[in-house]
Trainee: 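Quick one: the structure is below, questions incoming.
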Amino acid sequence: MAGMARIASHRLEQAKAALLAELRLEVRDRRLLEAMSRVPRERFVPPEVQPYAYDNRPLPIGYGQTISQPLIVAVMTEALGLRGSEKVLEIGTGSGYQAAIVAELAAEVVTVERVAPLAERASLVLADLGYRNVHVHAVGDELGWPEEAPYDAILVTAGAPGVPRELVDQLAGGGRMVVPVGGRDLQDLLRVTRRATGISVERLGPCRFVPLVGRGAWPDGAEPSS
Ligand code: SAH
């Protein structure tokens, strides 16, 4: 068994190196690439998909939810332009992987999740890996975590029909929000910057996320069934 585990972990290391080589073609931020090589993605996925932890694709994490594709995690994080001193809010903790990446690059991360068991699992993994600057909250219908606003950066890891107004309100002046906006099946990744006079919006490219649920979501946004 120990031998098998060794082979498996050797394979994971090889897959990780290949993934990082792929990411280096797309991502310029050195600190971000280093963070992605430090964080063990296999710890954030269920055992049955662990062998695929370093495939450049989303993976199922239960409850009808997914851990995002590594490349999209990189693109979203890079778009926030983190330097180390920021307080960051994430909507949609899911596995906790994206929160860990941000925790490596910013001062503090507040992350909220509607599916309580996912929030609990993510919280345990993050604590076990020693992240003390991530705070996971299970939430209900409210959007974000106004208690600790304003945030220098906000990351929305679920698709929305429009730029959620309640989240713009939780952004500091000059703060950036990265959010997938569009249809249920395909969205545009937007970077929204809060200005004194309102917001400015840049389009970063097409993406596909599971839908946001609750306020700021599609009106018929039912809970996923599993
Ligand atoms: N960032 C995650 C990927 C999350 S998938 C990771 O790194 O693994 C999107 C998550 O958003 C799902 O877990 C879903 O339950 C959650 N979600 C959807 N709507 C939400 C809302 N209004 N508030 C908080 N979480 C929400």
Trainee: As an exercise, state the distance from CD of Gln50 to OG of Ser9, rounded to the nearest 0.5 Å.
Mentor: 11.5 Å
Trainee: Show, in sequence, the C-alpha distance, side-chain angles and deciding distance for Ser68 and Gln98, and conclude whether the side-chain hydrogen bond (donor to acceptor under 3.5 Å, both in side chains) test is met.
Mentor: CA-CA 8 Å; Ser68 305; Gln98 168 80 73; 5.7 Å; no
Trainee: Hey, could you give me the CD1/CD distance between Ile101 and Glu78, rounded to the nearest 0.5 Å?
Mentor: 13.0 Å
Trainee: Is Arg215 paired with Glu142 through a side-chain N to carboxylate O contact shorter than 4.0 Å?
Mentor: no
Trainee: Any donor and acceptor pair, going by atom type alone, linking the side chain of Arg184 with main-chain N or O of Pro211 inside 3.5 Å?
Mentor: no
Trainee: Sub-3.5 Å donor-acceptor pair from the side chain of Glu26 to the main-chain atoms of Glu22, do we have one?
Mentor: no
Trainee: Please answer whether the main-chain N or O of Ala149 pairs with a side-chain N or O of Lys87 as donor and acceptor at a distance below 3.5 Å.
Mentor: no
Trainee: Output yes when Arg191 and Glu202 qualify as a salt bridge under the 4.0 Å nitrogen-oxygen rule, no when they do not.
Mentor: yes
Trainee: Assigning hydrophobic clusters by single linkage (Ile, Leu, Val, Met, Phe, Trp, Tyr; side-chain heavy-atom cutoff under 4.5 Å), is Leu124 placed with Leu126?
Mentor: no
Trainee: Salt bridge or not for Arg203 and Asp188, using N-O below 4.0 Å?
Mentor: yes
Trainee: For Glu90 and Thr111, what are the C-alpha separation, side-chain angles and deciding distance, and is it a side-chain hydrogen bond (donor to acceptor under 3.5 Å, both in side chains)?
Mentor: CA-CA 4 Å; Glu90 178 191 33; Thr111 178; 2.7 Å; yes
Trainee: Using the rule that Ile, Leu, Val, Met, Phe, Trp and Tyr join whenever any side-chain heavy atoms are under 4.5 Å apart, tell me whether Phe44 and Val49 fall into a single cluster.
Mentor: yes
Trainee: Is the shortest side-chain heavy-atom distance between Val156 and Ile154 below 4.5 Å?
Mentor: yes
Trainee: One thing to verify: whether Glu104 and Arg38 come together as a salt bridge, which I'm taking to mean a side-chain N less than 4.0 angstrom from a carboxylate O.
Mentor: yes
Trainee: I want to check something: taking the side chain as every heavy atom from C-beta on, are Leu19 and Pro70 in contact at a cut-off of under 4.5 Å?
Mentor: yes
Trainee: If I compare all heavy atoms of Ile72 with all of Cys207, which pair ends up nearest, and what's the gap?
Mentor: CD1-CB, 3.9 Å
Trainee: Counting distance only, does the side-chain N/O of Arg176 pair as donor-acceptor with the main-chain N or O of Leu80 below 3.5 Å?
Mentor: yes
Trainee: For Val102, run the side chain to side chain contact (heavy atoms under 4.5 Å, CB included) check against Val134, Leu32, Asn133, Leu155 and tell me which one passes.
Mentor: Leu155
Trainee: For residues Ser95 and Leu118, determine if any side-chain heavy atom of one lies less than 4.5 Å from a side-chain heavy atom of the other.
Mentor: no
Trainee: Show your reasoning for whether side chain to side chain contact (heavy atoms under 4.5 Å, CB included) applies to His135 and Val109.
Mentor: CA-CA 6 Å; His135 311 282; Val109 184; over 6 Å; no
Trainee: Walk me through it: do Leu204 and Leu190 pass the test side chain to side chain contact (heavy atoms under 4.5 Å, CB included)?
Mentor: CA-CA 6 Å; Leu204 305 178; Leu190 303 185; over 6 Å; no
Trainee: Please check this pair: side chain of Glu113 against backbone of Thr93, looking for a donor-acceptor N/O pair closer than 3.5 Å.
Mentor: yes
Trainee: Without swapping roles, check the side chain of Glu86 against the backbone of Asp152 for a donor-acceptor pair under 3.5 Å.
Mentor: no
Trainee: Determine, using the 4.5 Å side-chain heavy-atom cutoff (strictly less than), whether Val210 and Trp218 are members of one ILVMFWY cluster.
Mentor: no
Trainee: Any chance you could measure Leu167, atom CG, to Leu212, atom CG, to the nearest 0.5 Å?
Mentor: 8.0 Å
Trainee: Looking at Gln187 and Gly159, would you say the former's side chain and the latter's main chain have a donor-acceptor pair under 3.5 Å?
Mentor: no
Trainee: Decide yes or no for Tyr151 and Met177: does some side-chain heavy atom of the first lie under 4.5 Å from some side-chain heavy atom of the second?
Mentor: no
Trainee: Under 4.5 Å between any side-chain heavy atoms of Tyr97 and Leu59, yes or no?
Mentor: no
Trainee: Could you report the tightest heavy-atom contact between Ala74 and Val27, atom names first, then the distance?
Mentor: CB-CG2, 3.7 Å
Trainee: Please determine if Arg41 forms a cation-pi arrangement with Tyr54, meaning its NZ or CZ atom is less than 6.0 Å from the six-membered ring centre and no more than 45° off the ring axis.
Mentor: no
Trainee: To check you understand the geometry: which heavy-atom pair defines the closest contact between Ala122 and Gly94, and what is its length?
Mentor: CB-O, 3.8 Å
Trainee: Has the side chain of Thr157 got a donor or acceptor atom that lies under 3.5 Å from a matching backbone atom of Ile91?
Mentor: yes
Trainee: Met76, Leu186: one ILVMFWY side-chain cluster at the under-4.5 Å cut-off?
Mentor: no
Trainee: Are the charged groups of Asp128 and Arg43 less than 4.0 angstrom apart, N to O?
Mentor: yes
Trainee: Taking atom CG as the centre, does Asp141 end up with more than 12 heavy-atom neighbours from other residues, nucleotides or ligands that are less than 6.0 angstrom away?
Mentor: yes
Trainee: Any side-chain heavy atom of Tyr131 sitting closer than 4.5 Å to one from Val39?
Mentor: yes
Trainee: Treating Lys16 as the side-chain partner and Ser37 as the backbone partner, does any N or O pair qualify as donor plus acceptor under 3.5 Å?
Mentor: yes
Trainee: Assess whether a salt bridge exists between Asp29 and Arg31, defined as any Lys/Arg side-chain N lying under 4.0 Å from an Asp/Glu carboxylate O.
Mentor: no
Trainee: Taking C-beta and beyond as the side chain, do Val88 and Val110 meet within less than 4.5 Å on heavy atoms?
Mentor: no
Trainee: Roughly how far apart are Arg24 CZ and Met36 CE, rounded to 0.5 Å?
Mentor: 11.5 Å
Trainee: So, the side chain of Gln69 versus the backbone of Asn56: is there a donor-acceptor pair under 3.5 Å, distance only?
Mentor: yes
Trainee: How many angstroms lie between CD1 in Ile67 and CZ in Arg57, if you round to the nearest 0.5 Å?
Mentor: 11.5 Å
Trainee: What I'd like to find out is whether the side chain of Pro40 reaches to under 4.5 Å of the side chain of Leu129, using heavy atoms alone.
Mentor: yes
